[in-house]
Amino acid sequence: MEILEYFQTLKPRPRFFHPRKLVLPEVGSFTLHGARGTGKTALLLEYLHSLDDAEWLYLDAQDPAFALEDIDTDLLEDFLREESIETLAIDHWYPGFLERLPRCDRLILVGREAPATELSLPAYELFPLDYEEFLGFDRSHSPTLAFNRFLRLGTLPAMALSEPEAAPLRLRELFYEAFNDAESRLLLILARFQGRRVSAHQIYTTAREYFRISKDWTYAALKRFEAEKLLFLIPEIDGGSGKKLILYDFVLTRYLNKRQPFPATFDAMIALALLKHGFPFHSAGSFGYRLDESRELILPSPFENEEQFWHKAQKQYSRFQKLDVAKVSVVTVSNRYAFRIGTIDFEAMPFYEWSILNE
């Protein structure tokens with residue numbers, strides 16, 4: 001009971017908070033999940049402080065006390081009743097933290113991965129920031145300045161509230177806070193494959209050149225990363241072996257792989273925008289991404305002007321036809337243009353416009 005009394009007096013507040021797009025329900029039990037660093041704890045704590053302090057109990061499953069002391073679920077239920085606590089929130093929850101889910105008026109579970117279906121609780125997912133949400137964090141007064149800050153700060157809330165000059169040090173802190181030694185070593189390898197078609201075997205064989213690492217651990221870690229949505233493996237439109245690898249934040253990836261060229265970063269920005277907006281799509285290799293539910297191709301082309309891209313489109317027209325597309329949306333850094341070749345419409349717009357229009 002002592003540990004429960006400790007947590008009852010503990011009413012932590014987030015270190016920083018900015019309103020998010022995701023709105024949590026005012027009533028009923030639910031789960032909240034998302035990759036580490038996406039702001040789940042801050043959102044939960046801000047939400048709990050909208051309630052009467054006496055009505056809620058916050059437990060952190062990662063607290064060191066729980067490494068040596070388990071909580072008896074029956075005792076937890078008794079404590080909730082005796083203290084008239086209506087809402088129990090368990091942060092960093094994972095299966096096995098408790099022998100069973102406690103019976104209480106309202107239960108909130110917060111973790112990294114989507115909950116098992118047998119929990120039968122409404123599930124809410126918190127993503128990293130998309131560009132529109134980033135603008136809510138940003139204090140710039142021009143689209144160009146805001147986009148430049150987005151390029152330097154990325155999609156993690158803690159970074160979005162930082163200054164670009166402090167970004168490298170803040171990234172270092174976040175990296176070592178969020179990942180253990182083995183995970184951080186694997187992420188260094190994954191960052192080398194950003195935007196490339198790769199298999200789990202290739203990742204393992206590359207990793208073992210640098211670290212002592214087992215095949216079983218590597219494959220299991222990749223599955224965990226994918227389940228948590230730290231890692232996305234995008235299927236190729238040609239159906240061949242290997243999938244295109246994209247890590248969940250393009251600035252963190254660039255921090256881990258400082259040799260990554262800007263076009264690879266820009267390509268990842270577009271892939272992540274499509275993923276966050278829920279569009280089913282396939283990778284079309286150097287031709288970008290083909291949306292599954294429409295005949296549209298999303299093609300990154302950060303710097304080419306209209307004349308340059310028109311010549312490219314003329315040369316590659318047969319490839320566009322093979323991809324069976326009616327429209328090619330060209331995503332640029334700042335250029336705008338539109339033209340038609342044969343049966344295909346080509347339209348270019350800056351990322352900061354394209355991303356918001358595709359919300």
Which ring-ring contact (aromatic ring centres under 6.0 Å, His included) pairs, counting each pair once, include a residue from residues 152-192, with sequence neighbours left out? F175-F179
Non-hydrogen side-chain atoms of L24 and L22 separated by less than 4.5 Å: yes
Go through the side-chain N and O atoms of Q194 and Q260 and say whether any donor and acceptor fall under 3.5 Å apart. no
Checking Y337 against N305: is there a side-chain donor and acceptor pair closer than 3.5 Å? no
Nearest heavy-atom neighbours spanning I85 and A54: CG1-O, 4.1 Å
Residues in ring pair (Phe, Tyr, Trp, His ring centres under 6.0 Å) with Y255, at least two apart? none
I need the single residue from F66, F79, W56 that forms a ring pair (Phe, Tyr, Trp, His ring centres under 6.0 Å) with F7. Which is it? F66
Which atoms form the tightest heavy-atom contact between R152 and R254, and what is the distance? CA-NH2, 3.9 Å
Please check if atom CD in E26 has more than 12 non-hydrogen atoms from other residues, nucleotides or ligands closer than 6.0 Å. no
Only one of L107, I108, L121 clears side chain to side chain contact (heavy atoms under 4.5 Å, CB included) with T31; which? L121
Considering residues, nucleotides and ligands other than R259, do more than 12 of their heavy atoms fall under 6.0 Å from its CZ? no
What pairs meet the salt bridge (Lys or Arg N to Asp or Glu O under 4.0 Å) rule with one or both residues in residues 297-316, with sequence neighbours excluded? E304-K312
Output for pair (I3 CD1, L59 CG), nearest 0.5 Å, gives 8.0 Å
Between R196 and D267, is there a side-chain N and carboxylate O pair less than 4.0 Å apart? no
Might you confirm whether atom NZ of K223 has over 12 heavy atoms from other residues, nucleotides or ligands at distances under 6.0 Å? no
For Q62, all residues meeting side-chain contact (heavy atoms from CB on, under 4.5 Å), sequence neighbours excluded: D60, H92, R112
I'd like to know if R100 and D74 make a salt bridge, using a cut-off of under 4.0 Å between side-chain N and carboxylate O. yes
Indicate the ring-plane relationship of F287 and F320, choosing parallel, tilted or perpendicular according to the 30° and 60° boundaries. perpendicular
Are side-chain heavy atoms of E347 and F339 found at a separation under 4.5 Å? no
Within the 6.0 Å centroid threshold, strictly below: Y94 and F97: yes
Does M349 reach the side chain of T332, with side-chain heavy atoms less than 4.5 Å apart? no
In plain terms, say whether R224 and E113 are close enough for a salt bridge, that is, a side-chain N and a carboxylate O under 4.0 Å apart. no
Would you please name every residue forming a side-chain contact (heavy atoms from CB on, under 4.5 Å) with P143, sequence neighbours left out? Y352
Here the pair of heavy atoms bringing T38 nearest to L126 is O-CD2, 3.4 Å
According to the interplanar angle, ranging from 0 to 90°, do the rings of F30 and Y124 count as parallel (below 30°), tilted (30 to 60°) or perpendicular (above 60°)? perpendicular
Sorted by chain and residue number, the side-chain contact (heavy atoms from CB on, under 4.5 Å) partners of S120 (sequence neighbours excluded) come out as none
Aromatic contact, Y248 with F127 (centres under 6.0 Å): no
Check whether more than 12 heavy atoms from other residues, nucleotides or ligands sit under 6.0 Å from atom CD of E2, and answer yes or no. no
D130 and K276 ion-paired at < 4.0 Å: no
Correct closest heavy-atom pair for K40 and A35 would be NZ-O, 3.1 Å
Within the structure provided, determine whether I189 and Y204 are in side-chain contact (heavy-atom separation under 4.5 Å). no
Looking at F266, F137, F250, which one forms a ring pair (Phe, Tyr, Trp, His ring centres under 6.0 Å) with F150? F250
